[in-house]
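Every heavy atom of this structure was used, including side-chain atoms; hydrogens, water molecules and symmetry mates were not. Note that the structure is predicted; figures quoted are calculated from it, not measured.
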Amino acid sequence: MPTIFTHAALPLAAGLGLGKRVISHRLLVAGIVASMLPDFDVIGFGLGVEYGSQFGHRGFTHSLFFAFVIALAGTCAYRTLQSTATWTFLFLFVSMASHGVLDSFTNGGQGIAFLWPFTSERFFSPFRVIEVSPIGLSRFLSPRGVAVLESEAVWVWLPCIVFCALIWAYRRRQANPVTDSP
Ligand SMILES: [Zn+2]
């Protein structure tokens with residue numbers, strides 16, 4: 001996986017880019033939580049669940065189906081999240097589904113069970129450019145941990161900052177169209 005806080009990059013970029021009228025602060029926080037949620041499957045390591053099992057790390061919690069179910073459940077609270085049902089569902093789904101997509105770009109571990117429960121097959125992106133993050137704090141505080149952060153800055157945070165700026169600029173342009181009249 002990329003480091004857990006790097007999974008927040010996409011919801012942060014989309015949420016800040018779209019603005020708080022569309023993505024309220026509450027929905028933004030919910031999206032960030034949703035983007036990190038799939039990695040709670042690591043508790044399976046302590047319970048003896050095998051990595052390659054559908055219930056193991058990068059298994060069912062990383063699937064599009066699971067993201068759909070969680071987004072649907074979260075949509076029930078759209079009023080509390082101070083948004084519309086459509087935006088709540090879309091934002092939660094994309095935030096959570098982005099987790100598995102980012103994981104699939106890493107150069108270690110096993111693939112992602114994107115299509116569970118239809119198949120337990122694990123998938124990787126054809127471009128595995130992100131250094132996989134070590135699991136465990138002691139291994140993370142090492143030269144390899146620094147290499148992981150550098151790789152995430154280049155391949156995740158930088159594109160997300162550009163993405164955020166583009167959405168923001170587009171919104172500004174829509175709100176204040178430039179007129180050609182003299
Ligand atoms: Zn993960």
Side-chain angles (χ1 to χ4, degrees), residues 1-42 57-75 77-78 81-116 122-133 135 140 145 147-172:
M1 57 182 174
T3 44
I4 191 85
F5 53 85
T6 287
H7 284 293
L10 193 122
L12 263 176
L16 296 178
L18 288 166
K20 64 181 181 208
R21 278 197 196 160
V22 178
I23 309 296
S24 69
H25 291 318
R26 287 185 186 187
L27 182 55
L28 180 60
V29 171
I32 290 170
V33 171
S35 74
M36 297 175 177
L37 211 55
D39 274 348
F40 279 90
D41 61 6
V42 293
H57 186 42
R58 295 183 166 183
F60 82 100
T61 62
H62 287 58
S63 67
L64 296 175
F65 179 77
F66 194 63
F68 177 83
V69 170
I70 295 294
L72 211 53
T75 303
Y78 75 91
L81 295 173
Q82 299 173 334
S83 189
T84 64
T86 306
W87 274 114
T88 302
F89 175 79
L90 282 176
F91 191 66
L92 293 179
F93 177 74
V94 171
S95 297
M96 197 155 173
S98 74
H99 181 112
V101 174
L102 278 189
D103 276 0
S104 76
F105 281 87
T106 59
N107 61 4
Q110 294 206 14
I112 315 301
F114 274 127
L115 301 181
W116 183 90
R122 303 292 190 109
F123 297 91
F124 270 118
S125 152
F127 310 105
R128 297 173 63 186
V129 290
I130 303 174
E131 286 286 330
V132 73
S133 171
I135 295 171
F140 188 74
V148 168
L149 291 182
E150 281 177 2
S151 144
E152 291 179 1
V154 170
W155 295 108
V156 184
W157 286 98
L158 203 60
C160 279
I161 290 169
V162 173
F163 175 55
C164 178
L166 286 175
I167 309 176
W168 184 83
Y170 177 76
R171 273 200 314 122
R172 290 266 308 180

Any chance you could measure M36, atom CE, to I32, atom CD1, to the nearest 0.5 Å?
-> 6.5 Å
Go through D103 and D39 one step at a time and tell me if the side-chain contact (heavy atoms from CB on, under 4.5 Å) criterion holds.
-> CA-CA 10 Å; D103 276 0; D39 274 348; 4.1 Å; yes
Under the side-chain contact (heavy atoms from CB on, under 4.5 Å) test, which residues partner L72, sequence neighbours left out?
-> F68, F89
Between L81 and A30, which heavy-atom pair has the shortest distance, and what is it?
-> CD2-CB, 4.0 Å
R58 side chain vs Q110 backbone, donor-acceptor pair below 3.5 Å = yes
Please test R171 against V22 for side-chain contact (heavy atoms from CB on, under 4.5 Å), starting from the C-alpha separation and ending with a verdict.
-> CA-CA 11 Å; R171 273 200 314 122; V22 178; 5.7 Å; no
Is there a donor-acceptor contact under 3.5 Å from the side chain of S151 to the main chain of A147?
-> no
For the atom pair OG (S95) and CG (L27), what is the distance rounded to the nearest 0.5 Å?
-> 7.5 Å
Once the angle between the rings of F60 and W116 is folded into 0 to 90°, is it parallel (under 30°), tilted (30 to 60°) or perpendicular (over 60°)?
-> tilted
Would you say S125's side chain and F127's backbone share a donor-acceptor pair under 3.5 angstrom?
-> yes
Can you measure from NE2 (H7) to CG (L12) and round to the nearest 0.5 angstrom?
-> 13.5 Å
When you measure from the side chain of R128 to the backbone N and O of T106, does any donor-acceptor pair fall under 3.5 Å?
-> yes
Could you walk me through whether L92 and I70 pass the side-chain contact (heavy atoms from CB on, under 4.5 Å) check?
-> CA-CA 8 Å; L92 293 179; I70 295 294; over 6 Å; no
Between CD of E131 and CG of N107, what distance do you get to the nearest 0.5 Å?
-> 4.5 Å
What is the distance from atom CD1 of I161 to atom CG of L166, rounded to the nearest 0.5 Å?
-> 12.0 Å
Within-4.5 Å side-chain heavy-atom neighbours: L18 and I167 | yes
Would you mind reporting whether L28 and F91 have side-chain heavy atoms less than 4.5 Å apart?
-> yes
Taking it one step at a time, do H62 and H99 satisfy side-chain contact (heavy atoms from CB on, under 4.5 Å)?
-> CA-CA 7 Å; H62 287 58; H99 181 112; 3.1 Å; yes
